[in-house]
Amino acid sequence: MPNGTESESRKLLGRLRDTLAEEGAGQERLDRITTIIAESMATDVCSIYLFRDAETLELCATEGLNQEAVHQTRMRIGEGLVGRVARTSTPVNTPDAPSARGFRFMPETGEEIFSSFLGLPIQRLGDTLGVLVVQSKDARSYTEDEVYALEVVAMVLAEMTELGAFQGEGAAMSARHVQQALFRGGTAQEGAAEGHVYLHEPRVVITNPIADDPHVELRRLEDAMATLRGSVDEMLGAMGKNTDKEQVKVIEAYRMFANSRSWVKRMQENVGLGLSAEAAVEKEQSATRARMESVPDAYLRDRLHDLDDLSNRLLRLLTGQGRDTGAEMPDNPILVAKNIGPGELLDYGKKLKGIVLEEGSVGSHAAIVARAWAIPLVINAKRILTEALNGDHILVDGDQGIVHLRPEDAVAAAFRDKIAMQTQAQQRYTSIREKPATTLDGETIALHMNAGLMADLPSLVSSGAEGVGLFRTELQFLTRARVPRRSELASIYGSVMDAAKGKQVVFRTLDIGSDKVLPYMKATEEPNPAMGWRAIRVGLDKKGVMRMQLQALIRAANGRPLSVMFPFVAQFDEFRDARQHLLDELERERKLGHTLPVDVKIGAMLETPSLAFAPKQFFELADFISIGGNDLKQFFFAADRENERVRKRYDTLNVSFLTFLEQIVARCAETNTPVSFCGEDAGRPVEALCFTAIGLRTLSMRPASIGPVKSLLRRTDLAEAKQVIDAARLSGAQSVRAAVMDWLTGRAETS
Ligand code: PEP
Ligand code: MG
């Protein structure tokens with residue numbers, strides 16, 4: 001196909017389709033395909049390399065190279081020109097291969113006599129499955145048209161590989177999506193679960209990559225584009241005057257892409273070269289995804305995301321495959337998604353046994369929901385979406401951040417042992433559920449639970465928690481399309497108090513803003529959202545929502561005791577002002593004739609180091625203080641809690657942090673202000689032990705942690721633990737963890 005004309009390309013694709021339609025094993029098909037491509041392109045060589053594992057490519061078929069090399073020649077990703085194409089997912093086109101960067105001589109293939117080289121990734125939606133190569137003795141440079149036409153062929157090969165057309169002997173030609181695969185991600189919620197994959201957005205399958213009639217395909221593409229444009233216009237039309245400007249901007253960007261001539265033209269050209277409408281869309285989408293990986297500019301990446309999203313919509317229009325494919329939820333469903341918001345997650349309900357995300361973050365609200373449900377959540381499981389199919393057997397190890405997809409029997413058996421051990425341990429905890437967390441030296445620690453959903457409340461009984469030490473109120477706001485009404489909130493808070501049956505519930509007012517923007521709130525661009533306009537700062541500046549929430553809480557209490565705390569207080573005045581608002585609302589409600597709470601406790605979360613140094617009067621005024629260790633730790637060490645790179649760098653049991661906590665406890669003791677700790681670390685037994693050893697007497701944690709924490713506390717002498725901690729501090733150690741762990745293990749061995 002020296003001049004790469006459209007009709008030549010279509011002819012080539014036509015021959016490929018005939019070959020694929022013929023009976024025959026995968027190897028025969030691949031062999032025939034390399035011959036056809038070499039003939040059509042008038043080249044001496046055509047070879048197809050496929051991945052045999054994530055790191056290694058294998059020569060699977062060739063026309064022109066030594067046949068003995070097939071299934072023998074292998075290279076690692078990045079190695080040689082073929083490996084370079086695979087690593088970069090971009091073509092390499094050179095008239096003088098031996099002088100090209102990265103060239104590796106492979107004597108078994110007889111390659112030295114070929115001068116020109118054109119290699120292209122065989123890729124599907126950003127997932128590289130192999131490399132297609134053509135080579136010639138003469139030093140020719142392949143024209144743009146030829147490269148383009150071969151890209152179209154590579155795209156068809158990718159689709160056919162995905163559909164299993166080239167299955168044969170050996171790992172490189174084994175069926176896709178059947179081998180076991182391991183993914184290492186990050187831990188966002190501990191625990192272990194075994195189940196079956198349930199894809200949040202099932203992958204689109206293209207069964208007809210080659211066009212029968214380009215005219216028909218062009219019309220299909222045109223129709224789908226028209227529908228797409230119509231739906232984008234509708235979205236814009238539905239936005240009122242008050243719609244947030246940022247949201248409008250996003251949809252306007254969608255409209256711009258939907259009307260982009262160059263995007264449509266490229267897809268039409270793909271059809272012209274012989275692809276079906278959906279394959280033409282997918283080819284462009286693959287290119288967009290490859291660009292997305294390499295673009296450093298965040299704004300541009302966002303725009304490419306928009307384009308990717310539009311391509312998805314177009315593909316779903318063309319194939320009729322939507323999110324609601326009717327795929328039944330399997331037994332023990334494990335949700336696998338790129339990312340998911342708390343609202344969508346809550347829609348699935350408590351049926352889910354675990355969650356695996358390709359993206360996600362520890363501090364996200366999806367993570368908070370997973371924590372509330374006590375199901376494992378693994379984040380950053382890169383590429384799992386390209387491998388997982390609905391119904392696949394899957395093991396989620398939330399403790400290690402590891403996911404086994406389609407595991408071998410031995411792996412599954414070992415995993416089941418681990419789950420059994422955890423269940424046994426949980427059963428052991430049931431026996432101490434009604435017993436107090438009293439240490440060997442007679443100190444009793446109050447263990448409360450953290451909650452954020454009505455669905456969490458039954459855990460009050462099953463965990464043996466004394467009350468709810470932190471009720472996060474964000475989720476009710478995040479899962480709605482508008483600000484919830486006061487009556488709605490009052491009813492939810494009232495039900496929470498009913499379910500607590502007289503046990504204390506500490507309601508934390510809305511901690512929202514910056515990155516946790518409500519869909520109906522105007523977004524503000526901030527360079528560093530975690531230290532931005534959030535929580536009480538928003539509450540005090542925009543009083544309406546905070547006052548409405550306070551009224552709802554007063555009405556929910558309806559004569560019962562009420563505990564409210566304000567998040568993210570950084571200085572005394574903020575607490576004083578917020579407290580005054582609550583007092584004002586109480587007065588207003590009284591005047592309106594509502595029954596007031598019998599007792600009101602107003603507390604502050606200590607989440608910023610500055611508050612630890614507030615005037616004594618602050619500690620006197622606060623009815624209680626709750627240390628929000630998640631935020632306090634990130635600001636103390638200047639290490640973003642959502643940044644996986646730095647998050648684990650600083651130990652909670654670091655001498656500086658522990659001593660800081662001890663000083664906070666001492667300041668609270670001076671004024672007899674009750675103090676608790678409600679960050680995630682309170683739920684880790686060793687951390688909980690150290691916190692109590694330095695003086696904390698109330699901890700609030702996720703319900704599943706109460707058993708393990710109580711069990712350790714009941715077996716420990718706090719005074720002895722304190723001695724170990726003090727000795728470690730004196731020794732100059734950076735963290736007391738090693739010393740405490742040594743002491744605990746030594747103790748276990750001698751008992
Ligand atoms: C904390 O910061 O420790 C805390 C409990 O609040 P959140 O995790 O909701 O920020
Ligand atoms: Mg916090």
Side-chain angles (χ1 to χ4, degrees), residues 30 33-34 37-38 41 43-66 69-158 161 166 171-173 283 286-296 382-383 386:
L30 272 189
I33 285 173
T34 49
I37 298 174
M41 302 280 296
T43 60
D44 299 315
V45 175
C46 172
S47 312
I48 292 174
Y49 297 80
L50 296 174
F51 274 102
R52 56 175 286 120
D53 58 48
E55 296 293 320
T56 324
L57 285 152
E58 181 172 303
L59 176 66
C60 286
T62 185
E63 170 67 37
L65 294 185
N66 187 351
V70 172
H71 296 302
Q72 302 304 320
T73 292
R74 290 176 191 160
M75 67 269 308
R76 295 185 67 75
I77 194 163
E79 189 185 344
L81 294 183
V82 174
R84 186 173 127 196
V85 173
R87 185 167 53 78
T88 56
S89 298
T90 39
V92 170
N93 183 5
T94 169
D96 183 10
S99 328
R101 180 168 51 87
F103 176 78
R104 196 194 67 141
F105 174 56
M106 288 179 292
E108 72 274 24
T109 61
E111 172 169 67
E112 82 275 27
I113 50 170
F114 301 107
S115 177
S116 68
F117 176 102
L118 169 60
L120 299 153
I122 300 175
Q123 62 181 350
R124 182 174 192 273
L125 294 179
D127 181 21
T128 304
L129 312 179
V131 176
L132 171 64
V133 175
V134 289
Q135 292 169 281
S136 284
K137 285 185 193 139
D138 50 337
R140 74 195 249 203
S141 195
Y142 294 92
T143 64
E144 246 180 58
D145 282 350
E146 282 173 316
V147 175
Y148 195 36
L150 208 60
E151 267 177 3
V152 169
V153 172
M155 148 95 208
V156 171
L157 291 180
T161 311
F166 306 129
M173 291 179 60
K283 181 169 180 301
S286 282
T288 308
R289 290 211 177 157
R291 287 217 313 273
M292 229 150 43
E293 299 267 313
S294 59
V295 165
K382 295 270 175 289
R383 296 167 50 82
T386 56

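Start at 1 with the first residue, then count along the sequence.
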Shortest non-hydrogen contact between L57 and G83, atoms and distance:
CD1-CA, 4.2 Å
Report yes if the side chains of H71 and C60 come closer than 4.5 Å at any heavy-atom pair, otherwise no.
yes
Partner set under side chain to side chain donor-acceptor pair (under 3.5 Å) for T128, not counting sequence neighbours
S89
For a 4.5 angstrom cut-off between non-hydrogen side-chain atoms, does T161 reach R124?
no
Does atom NZ (K382) have a neighbourhood of more than 12 heavy atoms from anything else shown, all under 6.0 Å?
yes
With side chains defined as the heavy atoms from C-beta onward, is the minimum distance between V45 and V133 less than 4.5 Å?
no
Sorted by chain and number, sequence neighbours left out, side-chain contact (heavy atoms from CB on, under 4.5 Å) with S141 holds for N93, P95
Between CD on residue E146 and CZ on residue R140, distance to nearest 0.5 Å:
5.0 Å
Please list, chain by chain and in numerical order, all residues satisfying side chain to side chain donor-acceptor pair (under 3.5 Å) with D127, sequence neighbours excluded.
R176, R383
With side chains defined as the heavy atoms from C-beta onward, is the minimum distance between I122 and I48 less than 4.5 Å?
yes
I want to check something: taking the side chain as every heavy atom from C-beta on, are L65 and Q135 in contact at a cut-off of under 4.5 Å?
yes
Between G80 and R104, which heavy-atom pair has the shortest distance, and what is it?
CA-CB, 3.9 Å
Rounded distance (nearest 0.5 Å) linking atom OG of S47 with atom CG of L30:
11.0 Å
Heavy atoms only: give me the nearest G130-F51 pair and the separation to one decimal.
N-CD1, 4.0 Å
Can you list the residues that meet the side chain to side chain donor-acceptor pair (under 3.5 Å) rule with T34, with sequence neighbours excluded?
none
Residue pairs, two or more places apart or on separate chains, that pass salt bridge (charged side-chain N to carboxylate O under 4.0 Å, His left out) and touch residues 48-62:
R52-E58, E55-R76, E58-R74
Going by the rule side chain to side chain donor-acceptor pair (under 3.5 Å), which residues pair with T43 if we only count those two or more places apart in sequence or in a different chain?
none
Can you name the nearest heavy-atom pair linking Y142 to S116, along with the distance?
OH-OG, 3.4 Å
Roughly how far, to the nearest 0.5 Å, is CD of E63 from CD1 of I33?
13.0 Å
Tell me, which pairs form a salt bridge (charged side-chain N to carboxylate O under 4.0 Å, His left out) where one or both residues lie in residues 81-99, sequence neighbours left out?
none
Would you compute the distance between atom SG of C46 and atom CE of M41 and round it to the nearest 0.5 angstrom?
8.5 Å
Would you compute the distance between atom OG1 of T62 and atom OH of Y49 and round it to the nearest 0.5 angstrom?
6.5 Å
Are L157 and L129 close enough that some pair of their side-chain heavy atoms sits under 4.5 Å apart?
no
Which heavy atom in Q123 sits nearest to a heavy atom in A158, and how many Å separate them?
O-CB, 3.5 Å
Quick one: closest heavy-atom pair of A97 and F117, and the distance?
CB-CB, 3.7 Å
Excluding sequence neighbours, so at least two apart, what forms salt bridge (charged side-chain N to carboxylate O under 4.0 Å, His left out) with D44?
none
